[in-house]
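Take a look at the structure set out below.
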Amino acid sequence: MNDAGFSAGRVLRGPVVSFLNDPGEGDSPEPGSLLHLQDGAIWLVDGRIQAIGDYAEVAPRLPAGIEMVDYAGKLMMPGFIDSHVHYVQLDIMASYGRQLLDWLNEYTFPEECRFAERAHAENVAEAFLDEQLRVGTTTAQVFCTSHPVSVDTFFAAARRRGLRMLAGKVLMDRHAPAALTDSGERDSERLIGDWHGKDRLGYTLTPRFAPTSTPAQLDTVGGILRTAPDLHLQTHLSENKGEIDWVAELFPDCRDYLGVYERYGLVGPRSTFAHGIHLDQPMRNRLAAAGANIAFCPTSNLFLGSGLFDRLACRDAGLNTTLASDVGGGTDLSGLATLKAAYQVGQLLGQPLTAWQGFYRLTLGNARALHLDTHIGSLRQGKEADIVVLDPAATPLLARRSARTRNLAEQLFALMMLGDDRSVYATWANGECVHQRDAASTP
Ligand SMILES: [Zn+2]
């Protein structure tokens, strides 16, 4: 905001819910962890939150005639964050009847081969981002394929829309079709140079998982990370018993699956390990000590039959858990659907997820674990203006249920269990409305 370029911005008025800290596991949020405004105002200027507070308190500071958007009866929250998703698997969601390793060979690898073509990559990238915004997700950490063009097209599409996104080229140099394997070093360096830190984009080093990389490739990734510690890293860990046995055969001198990633320097504070279902407590402790996070992907874990994620064992270890869709193994891009499945998995383990903890994880919790919380994850002055506007009366059924709720906890829980894409009334990113549910048509 300089004098020449000053714009008054606009104000979103309505109920606001934003976490300021971890609300804990109790029925009530920890004191000071929640901002809840019944009649709030969020003043957006140049993509950021210029001011936020009760409308009555903010109103006297607003420029005369400023544009006002009325969200009475809705609920404004920070844009949702998805810590692990494969945009290139959008079109193989809901492919029948396989567990992880067969799933990869039968569905994933043939589909990923199509991303050598720019036109296909562009088509899927746009469709994926449309869908993400339709479900209120404004930031994701994304697997592309091994084709550099799959990364270029994704970042270009995200940048045009003003989104904060993390993504990277998949690295595989064995145990996958020849069309998907390469050393990947030079391409990764070129992509990092072209995209990392450009506007709101960040690069994530992306070895698929230990079985599809040789020790030499993992060593190269560790080398890149050592020289550029502000990069993120994403991979998979301990999702499926067959996968774990295979890793033990391929890396017989590593102490366990996590030990492979440790050996090559891939376990750090910006590392996300998807799944982590079959871990023992010492492994959780080692991940926690490194500051890494596990991406809990409940719809994927149920769909692929991988197992039940022990969220509280991670919490006991002080290990960050993020929430993720893992589409296309996951069955829904929606953060609300992810929360619903996370609750159901928790029920089977006797560790139900409160709405407070769920929505915290989907917003500030994910932002903190991904080291993005200086920018996003909470609605506070100076933060980037990524906002989801939820509609507690989106469907006749939800309207009936919401009418019965007696407090915010019940309202949030009803949204988490009964909500879906129709519950997302609008999505804002970088201070602009990027999705409007009731818009007549998209341009
Ligand atoms: Zn995955």
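Only a predicted model underlies this, so the values are computations on that prediction, with no experimental measurement involved.
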Can a salt bridge be assigned to the pair [X] and [Y] using a cut-off of 4.0 Å between side-chain N and carboxylate O?
X: D253; Y: R263; result: yes
X: D386; Y: R164; result: no
X: E111; Y: R114; result: yes

Within [range] or reaching into it, pairs that qualify as salt bridge (charged side-chain N to carboxylate O under 4.0 Å, His left out) - sequence neighbours excluded:
range: residues 353-367; result: D22-R361
range: residues 133-160; result: E126-R160, E131-R134, R134-D421, D152-R190, R159-D199
range: residues 324-334; result: none

Kindly compute the distance separating [atom1] ([X]) from [atom2] ([Y]), expressed to the nearest 0.5 Å.
X: L287; Y: S271; atom1: CG; atom2: OG; value: 9.0 Å
X: I387; Y: I49; atom1: CD1; atom2: CD1; value: 5.0 Å
X: L180; Y: D173; atom1: CG; atom2: CG; value: 12.5 Å
X: T138; Y: H435; atom1: OG1; atom2: NE2; value: 12.5 Å
X: N301; Y: L308; atom1: CG; atom2: CG; value: 8.0 Å
X: Q132; Y: L90; atom1: CD; atom2: CG; value: 9.0 Å

For residues 242-251, dump all side-chain donor-acceptor pairs below 3.5 Å to protein atoms at least two apart in sequence or in another chain.
from, atom 1, to, atom 2, distance (Å)
E243, OE1, E239, N, 2.7
E243, OE1, N240, N, 2.9
E243, OE2, Y257, OH, 2.6

Check whether the side chains of Q141 and S83 place a donor and an acceptor atom closer than 3.5 Å, and report yes or no. no
Will you find, in the side chains of T137 and D82, an N or O donor that is under 3.5 Å from an N or O acceptor? no
Any ring-ring contact (aromatic ring centres under 6.0 Å, His included) pairs touching residues 192-214, not counting sequence neighbours? F155-W195
Sort and list the pairs that fulfil ring-ring contact (aromatic ring centres under 6.0 Å, His included) and have at least one residue in residues 322-345, not counting sequence neighbours. Y343-F413
T363: partners by side-chain contact (heavy atoms from CB on, under 4.5 Å), with sequence neighbours left out: F19, P78, F80
My understanding is that only residues two or more places apart in sequence, or in another chain, count here; which of them pass side-chain contact (heavy atoms from CB on, under 4.5 Å) with E122? R118, T153
Can you sort out the partners of [X] under ring pair (Phe, Tyr, Trp, His ring centres under 6.0 Å), two or more places apart, ordered by chain and number?
X: H278; result: none
X: F296; result: F309
X: H236; result: H84, H86, F143, H275

Minimum heavy-atom separation for [X] and [Y], please, with both atom names.
X: R10; Y: G431; result: NH1-O, 3.0 Å
X: S300; Y: S325; result: CB-O, 4.2 Å
X: G305; Y: Q99; result: O-NE2, 3.3 Å
X: S146; Y: K169; result: O-NZ, 2.5 Å
X: R161; Y: V434; result: O-CG1, 4.2 Å
X: G330; Y: T299; result: CA-OG1, 3.2 Å

Could you go through the side chain to side chain contact (heavy atoms under 4.5 Å, CB included) check for L362 and L339 one step at a time? CA-CA 8 Å; L362 208 52; L339 288 181; 3.7 Å; yes
Could you check whether any side-chain N or O of [X] sits under 3.5 Å from a backbone N or O of [Y], counting only pairs where one atom can act as donor and the other as acceptor?
X: R174; Y: S213; answer: yes
X: N366; Y: I81; answer: yes
X: S150; Y: C144; answer: no
X: K74; Y: V424; answer: no
X: E384; Y: N430; answer: no
X: Y360; Y: G24; answer: no
X: Q351; Y: R311; answer: yes

Is the [atom1] atom of [X] crowded by more than 12 outside heavy atoms at less than 6.0 Å?
X: K198; atom1: NZ; answer: yes
X: K340; atom1: NZ; answer: no
X: R380; atom1: CZ; answer: no

Start with the C-alpha gap between Q217 and E185, add the side-chain angles, then the distance that decides, and say whether side chain to side chain contact (heavy atoms under 4.5 Å, CB included) holds. CA-CA 8 Å; Q217 185 171 55; E185 183 177 1; over 6 Å; no
Can you list everything that forms a salt bridge (Lys or Arg N to Asp or Glu O under 4.0 Å) with D310? Sequence neighbours excluded, please. none
Let me see the working for S7 and D46 under side chain to side chain contact (heavy atoms under 4.5 Å, CB included), right down to the final yes or no. CA-CA 7 Å; S7 75; D46 291 338; 3.2 Å; yes
If you apply the rule side chain to side chain contact (heavy atoms under 4.5 Å, CB included), what do you find for F128 with V88, and how did you get there? CA-CA 8 Å; F128 172 84; V88 294; over 6 Å; no
